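Only one structure is covered here, and it is reproduced in the block below.
Start at 1 and go down the list; that is how both ligands and their atoms are numbered. Quick caveat: nothing in here was measured; it's all calculated off a predicted structure. Sequential numbering from 1 along the given sequence is applied to the chain's residues.
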Amino acid sequence: MLMPDAPTTTESLPTSVDLAEEYQASGVAEILDELDRELVGLKPVKQRIRETAALLLVERARRAMGLSHEPPSLHMSFTGNPGTGKTTVALRMANLLHRLGYIRKGHLVSVTRDDLVGQYIGHTAPKTKEILKKAMGGVLFIDEAYYLYRPDNERDYGQEAIEILLQVMENNRDDLVVILAGYADRMDRFFESNPGFRSRIAHHIDFPDYDNGELLSIAESMLSRQGYRFDAKASAVMGDYIERRRCQPHFANARSIRNALDRARLRQANRLFEESAGPVDAEQLSTITARDISASRVFAAGEPSHKETTP
Ligand SMILES: Nc1ncnc2c1ncn2[C@@H]1O[C@H](COP(=O)(O)OP(=O)(O)OP(=O)(O)O)[C@@H](O)[C@H]1O
């Protein structure tokens, strides 16, 4: 395996590097395989991550061989609708950057405006610096990053947080990676008004919405990880649920699926209590039936829309 830092004498520099071996030895292969296996869909996202990993491996090899190299800029923006996997992929990205030696610790600190910006004068700088301290050596993930900038209020404290962030993104490039996340259109407007951010972010990754088939696969894989499964009819009803849920307000892709499954498990538990006179077996305890899903309000015809949190 390559040394993370370039050797100091020319004699000790390697004259060639086996990239395929590096790919395996660094653990990058394992992370990318896991990403492929565990995350449904996201083809363009996975492709971009593979490309980034290849770039970083080549950069590392150049450094080890004493070729001219520039520390790559790793700050990123992840755009897409809620529940499209941005946080999940950011976690994997942190792991990847750590395995490649680009960040010391590889942890992820996920924040929103309220974690960075204070309500009173003098509160913002210490708050932002505290978060940055926590994130050093890892990845700082700022969800709905555009809320930091409020053009309607000239004296908004968000501006102070922005200035500190920009400085740290420039000066601590070798120890902190910042990922800005949120809706694509709002992020575009944010970059237009804050060119400092645009120029510091080299990698833009767009997360598409999942299609109905992908959401059904996500539901099945989430359930199986929890030790449950749909019976044959439940799978079909879940497909129908997804079709209807997508057209209702507060739809949040995979997050809506996670919430729907939580509620289905609740109904299953209640059903087991109501139905069972005697002992229940493992099969019954692990099966979600059509009824556990069809009792959802999503199926109530003409019913006004409901919020994500409604049971
Ligand atoms: N492709 C996928 N395969 C399996 N599970 C997924 C996939 N994408 C997302 N999930 C799951 O869906 C949930 C929501 O995903 P995540 O939090 O990463 O989305 P997000 O884009 O960050 O959205 P938000 O900002 O609204 O939280 C998580 O529980 C995650 O594990």
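Sparse packing is recorded around CD of Q167, with 12 or fewer heavy atoms of other residues, nucleotides or ligands lying under 6.0 Å away. Shown here is K129, whose NZ atom has no more than 12 heavy atoms of other residues, nucleotides or ligands within 6.0 Å.
Using a cut-off of 4.0 Å between Lys/Arg side-chain N and Asp/Glu carboxylate O, D156 and R113 are scored as salt-bridged. K43 has no carboxylate O lying under 4.0 Å from a charged side-chain N of E214, or vice versa, which leaves the two without a salt bridge.
Per-residue contacts place A254 under 4.0 angstrom from the following atoms of ligand 1 (heavy atoms of the residue considered): 8 (N), 9 (C), 10 (N), 11 (C), 12 (O). Atoms of ligand 1 lying under 4.0 Å from at least one heavy atom of G83, given by number and element, are 19 (O), 20 (P), 21 (O), 23 (O), 24 (P), 26 (O). Close contacts of ligand 1 with L42, meaning ligand atoms under 4.0 Å from a residue heavy atom, involve 1 (N). If you number the atoms of ligand 1 from 1 as listed, the ones under 4.0 Å from a heavy atom of M222 come out as 11 (C), 12 (O). The ligand atoms of ligand 1 that sit less than 4.0 angstrom from a heavy atom of T87 are 17 (O), 18 (O), 20 (P), 22 (O). Close approach of ligand 1 to R258 is summarised as follows: ligand atoms under 4.0 Å from at least one heavy atom of the residue are 28 (C), 29 (O), 31 (O). Per-residue contacts place D143 under 4.0 angstrom from the following atoms of ligand 1 (heavy atoms of the residue considered): 25 (O).
Residue K86 touches ligand 1 through backbone and side chain together, judged by heavy-atom distances below 4.0 Å. With a 4.0 Å heavy-atom cut-off, ligand 1 is reached by the side chain of Y210 but not by its N, CA, C or O.
Between V40 and ligand 1, at least one pair of N/O atoms sits closer than 3.5 Å.
F191 has its ring centre less than 6.0 Å from the ring centre of H204.
Nearest-residue assignment for atom 18 (O) of ligand 1 (options T88, T84, T112, V45; heavy-atom criterion): T88. Around atom 19 (O) of ligand 1, the closest heavy atom drawn from S217, S256, G80, G85 belongs to G85.
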> Could you walk me through whether E283 and R229 pass the salt bridge (charged side-chain N to carboxylate O under 4.0 Å, His left out) check?
Replying inline: CA-CA 9 Å; E283 169 87 10; R229 57 173 195 79; 2.6 Å; yes

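The ring-ring contact (aromatic ring centres under 6.0 Å, His included) search around Y157 returns none, not counting sequence neighbours.
Ring planes of F197 and F190: tilted class, angle from 30 to 60°.
Nearest protein heavy-atom contact of atom 26 (O) of ligand 1 is R255 NH2, 2.4 Å. In terms of protein heavy atoms, atom 5 (N) of ligand 1 is closest to I218 CG2, 3.9 Å.
Applying side chain to side chain donor-acceptor pair (under 3.5 Å) to D292 and the options R267, R265, R271, Q268 leaves one that passes, R271.
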